[in-house]
Amino acid sequence: RQGFQEYRQHPPFVSRPQGRHKPPDHPSRPFILAQILWGPGQRPALPPPPRKSPLQHPHNLPILPQNQSEPKMTAADKAFVEAQRLIAEAARTGATALDFNSRETRALTKLPEEISTLTALTRLDLSNTRVADVTPLSTLTALTTLYLSNTQVADVTPLSPLTALTTLDLGRSQVADVTPLSTLTALTYLDLSNTPTLDLRSLRSLSQLLDNPEFDGLHFTNTAATRANPRIAEIAEIEDPATRARTLFEYLETWQLPEE
């Protein structure tokens with residue numbers, strides 16, 4: 001046992017190096033071989049190592065820079081996707097009403113083209129969205145109620161075929177020309193308040209606003225017309241909707257556009 005302990009402490013034929021190991025002074029075998037093949041003092045011209053892209057994966061797999069990632073979806077993009085989902089659900093269930101006036105879709109700037117296939121819709125609410133182009137709605141001839149208040153809509157020409165409309169809310173929109181609305185003779189409620197509308201003469205064909213007004217009938221307070229003409233502003237304050245519409249239409253028979 002004592003001999004074994006001595007063997008472990010001082011193994012034979014093992015010299016422990018003192019300090020850092022130093023390379024030998026004699027030339028290495030590869031160096032000697034190079035002198036034989038190329039002559040003394042000569043070194044072979046080796047090809048340069050292949051250059052690697054700073055973005056090259058160690059296993060030659062493509063990688064993205066740290067500051068580059070997939071583009072994030074904007075609020076409008078998310079709203080568009082949600083609108084597509086709602087439209088698909090309405091098409092599947094045959095729904096007659098569709099509402100985009102919600103937190104998930106208020107950032108919507110463009111209507112999905114698929115909405116033009118929902119020909120069974122009778123009620124559509126786009127209030128408080130950022131929609132400007134309503135062209136896809138031109139095929140929804142079954143619509144009776146359409147809310148476009150507080151939107152970016154300026155051109156209402158696509159609404160001309162929607163002759164079944166009885167309620168149309170354009171308040172706080174960008175509509176200035178209401179001439180295309182002259183075909184909507186079934187309207188019993190029309191809100192043009194807070195719009196840049198100046199010429200109201202084309203509305204005289206909407207006889208239901210006289211004979212059968214609903215809610216507030218024809219509403220046109222704080223429009224360009226009321227700001228430009230004190231008499232129209234007075235008419236806009238008449239409480240009875242039928243009397244208000246009749247008085248306005250009578251006044252517009254002799255009214256002329258103000259010269260710029």
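Counting heavy atoms from C-beta outward, Asp133 and Leu111 have side chains that stay 4.5 Å or more apart. Put simply, the side chain of Thr223 does not reach to within 4.5 Å of the side chain of Leu198, judged on heavy atoms. A 4.5 Å side-chain heavy-atom check between Leu170 and Asp191 finds every atom pair outside the cut-off. Inter-residue side-chain proximity for Leu248 and Phe220 is flagged as met; some heavy-atom pair is nearer than 4.5 Å. Within the 4.5 Å cutoff, no side-chain heavy atoms of Gln208 are placed close to those of Leu187. Taking 4.5 Å as the limit, some side-chain heavy atom of Arg204 sits within range of a side-chain heavy atom of Leu252. At a threshold of 4.5 Å between non-hydrogen side-chain atoms, the residues Asn101 and Arg106 count as touching. Contact of the Ile87 side chain with the Leu118 side chain is registered, since non-hydrogen atoms from C-beta on lie closer than 4.5 Å.
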Report task. Any chance you could lay out the salt bridge (charged side-chain N to carboxylate O under 4.0 Å, His left out) test for Asp216 and Arg244, step after step, and finish with the verdict? Result -> CA-CA 10 Å; Asp216 202 23; Arg244 183 192 317 124; 3.0 Å; yes

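When each of Thr141, Leu140, Leu146 is checked for a side-chain contact (heavy atoms from CB on, under 4.5 Å) with Leu165, only Leu146 meets the rule.
Here ring pair (Phe, Tyr, Trp, His ring centres under 6.0 Å) pairs that include residues 72-131, with residues two or more places apart or in two chains, number zero. The list of side chain to side chain donor-acceptor pair (under 3.5 Å) pairs with a residue in residues 142-158, not counting sequence neighbours, reads Ser127-Ser149, Asn128-Asn150, Asp155-Thr157.
The two atoms that bring Ala236 and Thr226 nearest to each other are CB-CG2, 4.1 Å, heavy atoms only. Closest heavy-atom contact between Ser173 and Val153: CB-O, 3.7 Å.
Between the side chain of Thr74 and the backbone N or O of Asp77, at least one donor-acceptor pair lies under 3.5 Å.
Between the side chains of Asp169 and Tyr189, not a single donor N or O lies within less than 3.5 Å of an accepting N or O.
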